[in-house]
Amino acid sequence: MTKRTLDDLKLLNKRVLMRADFNVPLSPEGKIEDDLRIKAAIPSIDKVLEDGGSLILMSHLGRPGGEVVPKLSLKPVAESLSKILSREVKFADDCIGADSLALSSSLAAGELLLLENLRFHKEETENDSEFAQALAAHGDIYVNDAFGTAHRKHASTYGVPEFMDTAVAGYLMESEVKYMSELVENPRIPMVVVLGGAKVSDKIPVIKNLSKLADAFLIGGGMAFTFLKALGHPVGKSLVDDNLVDTCKEILRELSKKGINYHLPTDCVAVSSVDSPELGDVCLIDELGDDKMGVDIGPMTVAEFDHVLEGAKTVIWNGPMGIFEVPYWSNGTVSIGRKLVELTKAGATTVVGGGDSASAMKQMNLSNDVSHISTGGGATLEILSGNPLPGLEMLEEKE
Ligand code: AMP
């Protein structure tokens with residue numbers, strides 16, 4: 001991590017404008033279902049308040065599409081934060097404008113304010129310069145602690161620093177970037193990369209970049225079917241991205257040329273439709289009927305993946321092995337999660353790259369039993385793909 005952080009600044013009597021990631025899951029009644037992201041921001045919040053700064057927090061929540069959607073107000077986050085910190089958290093009904101500015105400029109040292117959802121303005125995702133300037137007016141110092149949004153070129157992550165004299169990383173950003181960067185720069189070997197999930201397009205750059213380092217790739221989930229199709233296997237009605245079949249063929253050819261092992265499912269749980277969850281039948285991939293779709297990896301594949309993982313010193317996992325949200329189809333994902341825990345106990349470095357695989361670990365109550373679970377799926381994929389993070393690029397370099 002070459003960026004300046006909160007530790008490099010004097011914060012006394014400064015107004016600190018901090019981009020946090022409070023994009024928490026909400027129940028249909030609007031209750032916060034998981035406050036992990038709020039708690040992850042506490043070390044940076046504490047630092048500012050303890051050092052005598054005043055703090056203006058900003059975040060997005062959900063996808064209101066540039067309109068005020070009351071259900072996506074950050075007010076419940078202010079209440080939750082207030083309970084966690086045992087102190088008052090002021091709340092501004094808008095993130096820009098005279099009223100919110102009056103609130104932010106009247107904060108005393110040690111006080112904090114949360115601004116309303118940034119994405120109630122379409123200018124946020126458009127990285128509109130005037131909007132960024134209006135946000136920047138809230139503070140003297142900019143801190144980006146929103147690792148989960150660092151891959152976005154939005155006003156609050158990319159535009160605001162242009163209008164501030166000082167722009168540094170918060171502790172969460174620092175620790176996430178440090179962990180992931182060290183991992184991909186200098187991993188303990190052998191390194192095995194486990195990929196799954198639906199979107200093969202997201203994972204292709206990861207395979208390309210990590211093929212410099214990895215000893216083996218295990219590919220499961222919906223994305224495996226595009227690779228299987230590329231190799232001429234039957235895929236039935238399974239999820240396939242037809243535009244990427246040739247690219248997948250090319251990638252597998254490259255891996256073989258470099259002598260890197262890759263493993264695709266040899267069996268799967270097959271069902272007729274995803275709309276009416278049923279147990280499904282286990283079948284060999286080569287026996288998958290035209291009217292069936294694969295929704296989980298099968299037991300033979302689980303055994304093979306376990307065997308490859310045995311002895312790995314570094315494991316990176318991104319994407320579930322099946323539609324794990326349906327308990328009938330969660331066995332592959334659960335098995336990988338459990339294997340990672342076993343490897344962690346044996347001394348391996350095991351990293352779960354955010355998103356759905358992180359939710360699966362949480363569902364299994366195993367979040368604390370691996371080396372690291374990232375708070376940002378998209379940002380993690382960018383680092384694993386070897387791409388810069390826009391939200392990090394704009395921060396000052398250490399001297
Ligand atoms: P991604 O965001 O690309 O990591 O995709 C995560 C989603 O992939 C999860 O919601 C899973 O339900 C879904 N998924 C995993 N395996 C399959 C599959 N075999 N068919 C369809 N969807 C899948």
Side-chain angles (χ1 to χ4, degrees), residues 23 25 63 148-149 151-152 193-207 210 217-230 233-245 247-248 263-285 288-289 291-302 305 316-337 340 351-364 373-385:
N23 185 27
R63 296 180 177 204
T149 331
H151 57 305
R152 305 272 183 221
V193 180
V194 187
L195 296 173
K199 280 175 254 113
V200 66
S201 54
D202 279 359
K203 316 290 184 333
I204 284 175
V206 177
I207 301 179
L210 292 186
F217 287 92
L218 304 179
I219 302 175
M223 65 176 281
F225 290 96
T226 307
F227 283 96
L228 288 165
K229 185 165 182 180
H233 294 282
V235 292
K237 289 193 304 182
S238 308
L239 193 72
V240 168
D241 188 336
D242 278 312
N243 294 322
L244 291 172
V245 173
T247 310
C248 288
H263 299 260
L264 288 160
T266 47
D267 62 347
C268 69
V269 176
V271 299
S272 306
S273 154
V274 283
D275 300 327
S276 48
E278 46 163 332
L279 199 50
D281 301 316
V282 172
C283 73
L284 293 175
I285 292 292
L288 190 64
D291 57 340
K292 295 278 180 174
M293 57 195 302
V295 287
D296 192 10
I297 54 174
M300 237 164 67
T301 308
V302 169
F305 283 13
I316 299 177
W317 178 27
N318 197 298
M321 295 292 102
I323 306 181
F324 75 102
E325 297 91 337
V326 177
Y328 290 137
W329 309 333
S330 64
N331 183 55
T333 304
V334 170
S335 304
I336 291 288
L340 256 63
V351 178
V352 180
D356 282 304
S357 9
S359 316
M361 291 303 275
K362 185 166 187 289
Q363 215 167 290
M364 291 183 266
I373 295 201
S374 168
T375 54
T380 299
L381 281 174
E382 289 302 312
I383 297 184
L384 296 180
S385 304

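Since we're looking at a predicted model, the values are computed, not measured. When a ligand or atom number is given, it counts from 1 through the structure's own listing order. Heads up: numbering here begins at 1 and tracks the sequence.
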In Å, rounded to the nearest 0.5 Å, how long is the span from [atom1] of [X] to [atom2] of [Y]?
{"X": "Cys268", "Y": "Lys292", "atom1": "SG", "atom2": "NZ", "answer": "10.0 Å"}
{"X": "Met223", "Y": "Leu264", "atom1": "CE", "atom2": "CG", "answer": "8.5 Å"}
{"X": "Leu195", "Y": "Leu218", "atom1": "CG", "atom2": "CG", "answer": "8.5 Å"}

> Nearest heavy-atom pair of Leu279 and Trp329: which atoms, and what distance?
Replying inline: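 So the two residues come closest at O-NE1, 3.9 Å.
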
> What do you reckon, is NZ of Lys362 surrounded by more than 12 foreign heavy atoms closer than 6.0 Å?
Replying inline: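 For Lys362, atom NZ is not crowded (no more than 12 foreign heavy atoms under 6.0 Å).
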
Among all protein heavy atoms, pick the one closest to [atom] and tell me residue, atom and distance.
{"atom": "atom 8 (O) of ligand 1", "result": "Ala198 N, 3.1 Å"}
{"atom": "atom 15 (C) of ligand 1", "result": "Gly322 O, 3.1 Å"}
{"atom": "atom 17 (C) of ligand 1", "result": "Gly222 N, 3.2 Å"}
{"atom": "atom 19 (N) of ligand 1", "result": "Gly294 O, 3.0 Å"}
{"atom": "atom 6 (C) of ligand 1", "result": "Asp356 OD2, 3.0 Å"}
{"atom": "atom 3 (O) of ligand 1", "result": "Lys199 N, 2.8 Å"}
{"atom": "atom 11 (C) of ligand 1", "result": "Glu325 OE1, 3.6 Å"}

Looking only at heavy atoms, is any part of [X] under 4.0 Å from ligand 1, and if so is it the side chain, the backbone, or both, or is it neither?
{"X": "Met223", "value": "neither"}
{"X": "Ile323", "value": "both"}
{"X": "Met293", "value": "neither"}

> Should you measure from each heavy atom of Lys203, which atoms of ligand 1 turn up under 4.0 Å away?
Replying inline: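 Numbered from 1, ligand 1 contributes 1 (P), 3 (O), 4 (O).
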
> In ligand 1, which numbered atoms sit nearer than 4.0 Å to a non-hydrogen atom of Gly221?
Replying inline: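 The list of qualifying atoms is 16 (N), 19 (N).
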
>> If we ignore hydrogens and angles and just use 3.5 Å, is the side chain of Ser359 paired with the main-chain N or O of Gly355 as donor and acceptor?
In response: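 Checking the backbone N and O of Gly355 against the side chain of Ser359, a donor-acceptor pair under 3.5 Å is found.
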
>> Taking side-chain contact (heavy atoms from CB on, under 4.5 Å) as the criterion, tell me which of Ile297, Asp296, Val302 meets it with Pro265.
In response: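 Filter result, single survivor: Ile297.
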
>> Regarding Thr301 and Asp267, do their side chains bring together a donor and an acceptor under 3.5 Å, going by distance alone?
In response: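 Result is yes, a qualifying pair exists.
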
> Would you call Lys229-Asp242 a salt bridge at under 4.0 Å N-O?
Replying inline: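 Salt bridge: yes.
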
> Taking the non-hydrogen atoms of Asp202, is any one of them nearer than 4.0 angstrom to ligand 1?
Replying inline: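 No, Asp202 has no heavy atom closer than 4.0 Å to ligand 1.
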
